[in-house]
Number of protein chains: 2
Amino acid sequence: MPDEEGHPLPAEMDLRTVLHALADPLRLGVIAGFLREPDGTERTCASFQLPVSKSTTSHHFKVMREAGLLRMVDHGNSRTAVLRRTELDARFPGLLGLVRAEPAQD
Amino acid sequence: MPDEEGHPLPAEMDLRTVLHALADPLRLGVIAGFLREPDGTERTCASFQLPVSKSTTSHHFKVMREAGLLRMVDHGNSRTAVLRRTELDARFPGLLGLVRAEPAQD
DNA sequence: ACGTAGGTTCTACTTGCATCGTACCTCTTG
DNA sequence: CAAGAGGTACGATGCAAGTAGAACCTACGT
């Protein structure tokens with residue numbers, strides 16, 4: 001079962017849920033953004049400057065978090081998100097490579 | 001541009017469109033069904049016996065066809081669908097492997 | 001010629017999801 | 001302690017997408 005913050009274990013990750021999370025343009029752009037940076041890079045939700053409201057941004061990060069794509073790290077003041085790269089590569093080998101191979105989102 | 005039956009060329013296939021097509025349980029089940037059979041296997045839409053109406057089944061196959069997952073082959077009486085395995089492996093390497101690795105759909 | 005099987009298209013309904021505004025929470029800093 | 005930054009939770013709304021029924025089309029078989 002997911003932990004107290006909604007992070008599933010790799011074995012609990014569901015392919016359909018992950019595909020659905022990636023099918024949204026904004027969310028795919030966020031994952032692609034992480035893939036252009038070094039592994040372990042932490043970014044705040046706000047740093048992506050998505051063209052939607054703050055609550056909608058939070059919603060999208062919740063979807064990605066609950067799918068297992070991101071892990072939220074509490075830093076006291078600001079929470080940051082980290083791509084769960086190693087776990088995703090083990091659970092869904094090749095998936096992140098597909099996202100990385102795509103041109104930058106429109 | 002797609003041909004007269006709506007089949008995109010591999011270069012025209014869009015990752016978001018493909019992910020969206022695979023995010024539906026029924027459609028993912030169809031693709032998984034093809035992957036359990038030899039390459040080039042042709043099946044009619046009806047052979048999957050999806051738990052939805054005939055028109056809804058046709059709709060789902062249209063979504064998969066337009067995403068580039070399937071190719072429809074006209075056999076006079078009955079049209080059959082074929083998984084575009086080689087083209088998909090070239091355009092989205094690893095994608096079909098992810099679907100194949102998942103347990104049978106519920 | 002007719003009936004049947006397999007698909008498609010059209011229209012309509014209904015569910016799901018993205019979106020937003022507001023309120024609320026937590027931590028930091030003045 | 002107050003104010004602000006960064007996120008979350010809740011309720012409401014609007015559009016996209018899944019669903020179904022009916023009509024139609026083509027090819028095959030009798």
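Residue numbers start from 1 in every chain, and the chains themselves are labelled A, B, ... in the order their sequence lines are given, proteins ahead of strands. Just so we're clear, the structure is a prediction, and the values are computed from it rather than from any experiment.
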For C/dT8 and B/S58 - does any side-chain N or O of the residue sit under 4.0 Å from the phosphate oxygens OP1/OP2? yes

Given the options A/D39, A/L35, A/T41, A/L83 meets side-chain contact (heavy atoms from CB on, under 4.5 Å) only with A/L35

- Query: Does A/S78 put a side-chain nitrogen or oxygen below 4.0 Å from OP1 or OP2 of D/dA5?
  - Reply: no

Its contact letters, B for base, S for sugar-phosphate only and - for none at protein heavy atoms under 4.0 Å, make nucleotides 25-30 of chain D read --BS--

Looking only at D/dG7, C/dT9, C/dT19, the nucleotide nearest the A/K54 side chain is D/dG7

query = Is the shortest side-chain N/O distance from B/R79 to OP1 or OP2 of C/dA5 below 4.0 Å?
reply = no

Donor-acceptor contacts, no H, no angles, side chain residues 61-71 of chain B, under 3.5 Å, sequence neighbours left out:
| from | atom 1 | to | atom 2 | distance (Å) |
| --- | --- | --- | --- | --- |
| B/R65 | NE | B/E5 | O | 3.4 |
| B/R71 | NH2 | B/E87 | OE1 | 3.4 |
| B/R71 | NH2 | B/E87 | OE2 | 3.3 |

Separation of C/dC17 atom P from A/K62 atom NZ, nearest Å, is 13 Å

Rounded to whole Å, the NE2-P distance (A/H60 to D/dT8) equals 13 Å

The ring pair (Phe, Tyr, Trp, His ring centres under 6.0 Å) partners of B/F34 (sequence neighbours excluded) come to B/F48

Candidate pair A/S53 and A/T56, rule side-chain hydrogen bond (donor to acceptor under 3.5 Å, both in side chains), full reasoning
CA-CA 5 Å; A/S53 72; A/T56 301; 3.1 Å; yes

All N/O pairs under 3.5 Å across the protein-nucleotides 11-17 of chain D interface:
none

Solution key, residues 97-104 of chain B side-chain donor-acceptor pairs under 3.5 Å, sequence neighbours excluded:
| from | atom 1 | to | atom 2 | distance (Å) |
| --- | --- | --- | --- | --- |
| B/E102 | OE2 | A/R91 | NH1 | 3.3 |

In numerical order, the residues of residues 37-53 of chain B whose heavy atoms come under 4.0 Å of DNA chain C are B/T44, B/C45, B/A46

When rounded to whole Å, the CZ to C1' distance for the pair B/F61 and D/dT19 reads 16 Å

